[in-house]
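Everything on this sheet refers to the single structure shown next.
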There are 2 protein chains.
Amino acid sequence: MVRMARVSTRDEILRVAGDQFARVGFKGTSLQDIAVEVGCSKAALLYHFAGKEQILLALVATAEHALTGLLADLGDLDPAAAQALAIERFVDLVLEFRREAALVYEVVPQFHSEPAFCSVLAQADELCAAITARSDDPAEIIAAQTVLHGVVNVAIDDKWDAAQLRPALLRVARRALITPHHDKD
Amino acid sequence: MVRMARVSTRDEILRVAGDQFARVGFKGTSLQDIAVEVGCSKAALLYHFAGKEQILLALVATAEHALTGLLADLGDLDPAAAQALAIERFVDLVLEFRREAALVYEVVPQFHSEPAFCSVLAQADELCAAITARSDDPAEIIAAQTVLHGVVNVAIDDKWDAAQLRPALLRVARRALITPHHDKD
DNA sequence: GTCTATATCAAGATAGAC
DNA sequence: GTCTATCTTGATATAGAC
């Protein structure tokens, strides 16, 4: 028989906290807020995690792990192929880890001093490089960052579901980022 | 003789607060932080503004006024012309009011209950409608929101100056949003 | 593993001197 | 107009019972 997907309190904390961090920011979320939505006490939260920042670290670790896998898959491809795959995989990654992605792109940069976050920020930069097909043209880099931020921000919004978002985000990202080829192939 | 552009403390407060609100969020910014950067005391801040939220309101009012002007200029145009102008004017607006724009797109939505912000949020929606050429296709709306959020987020970053950003943002926005015409004009 | 206290600290805001 | 206290509240975090 299938083990019931009864989520542990710990997982519930991560889910709720990730949601609130992404919506109102890390500072904007109190342990009280999280505890109320999880349905437990603040002390229970702090039994599972050593502090509020540890909850953020756990969430970022999830994002980092997923990003590592994505980047590894791009390793052997030539820039053009890597770009196409990076765009597709990035959109899917954001849709699967909406909250975690928002954290990496919106809240983690506010903690740029924290060494714990340097690694995931470096991965975000590496993803940006892949998405520009390793261009050093500032206009291409700006375009890539625009799309990355835009995709993450739109995906946070509960207004759209993943089935609507995926094709729409893929289309806008490809239009914006893939340079049209004027030569025949 | 020209009056020295010696900024008043009030204007300095708005500049510093707008910068910090945009970078680390409203909740993430303390009166202490603002006071230190302005070079005055918390009490001096609260002499000029009745509270932290009043500082945000003043900044949002600036953004709202600018948006009102933009939308008025679009009023009489047909959708296609309005779309093209909306994109260009939006980019210029964001570059002129980087911080205020970030507030409207990133921090104000967190206060959706506040009636004081309903008006500017409605204007942001109206701008989105103009930018999609009034399409009701969800994919177009998602694309527009992606670009709007992306442009605002990239413009916050001090890494780029306005001279680099303007052409780059215009190009990515037009690529992403203006549907290619296959028929000859 | 989760709770009820409670300690500690920082934030927003006020009062009144200068 | 700006300062130095000071008040009040709410947040993180701890201690110890169940």
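Letters A, B, ... mirror the listed sequences (proteins, then strands); counts begin at 1. Being a predicted model, the structure only gives us computed values, none of them experimental.
Salt bridge Arg171(B)/Glu140(A): present, at least one basic N to carboxylate O contact under 4.0 Å.
The nearest heavy atom of DNA chain D to Ala43(A) and to Asp33(A) marks one nucleotide each, and the one closer to the 5' end goes with Asp33(A).
Residue Tyr47(B) places at least one side-chain N or O under 4.0 Å from the OP1 or OP2 atom of dG1(D).
Residue Lys52(A) places its side chain closer to dA13(D) than to any other of dT2(D), dG12(C), dA13(D). Closest contact between the side chain of Lys42(B) and the listed nucleotides dG12(C), dT14(C), dC3(C) involves dG12(C). Closest approach to the Leu46(B) side chain among dC3(C), dT14(C), dT12(D) is made by dT14(C) (side chain taken as heavy atoms from C-beta onward). Of the listed nucleotides (dG12(C), dT2(C), dG1(D)), dT2(C) has the atom at the smallest distance from the side chain of Thr9(A). Across dT12(D), dA15(C), dC3(C), the shortest atom-to-atom separation from the side chain of Ser41(A) is found for dC3(C). Here dC3(D) is the nucleotide among dC3(C), dC3(D), dA13(C) with the atom lying nearest to any side-chain atom of Ala44(B).
How far CG of Leu67(A) is from CG of Leu127(A): 6.0 Å, rounded to the nearest 0.5 Å.
His48(B) places its NE2 atom 12 Å from the C1' atom of dC3(D), with the value rounded to the nearest Å.
Among the protein residues, Leu31(A) comes within range of the sugar-phosphate backbone only, with heavy atoms under 4.0 Å from sugar or phosphate atoms but none that close to a base.
For the pair Phe117(B) and Val104(B), the minimum side-chain heavy-atom distance is 4.5 Å or more.
Annotation for Leu45(A) and Ala35(A): closest pair CD2-N, 3.9 Å, computed over non-hydrogen atoms.
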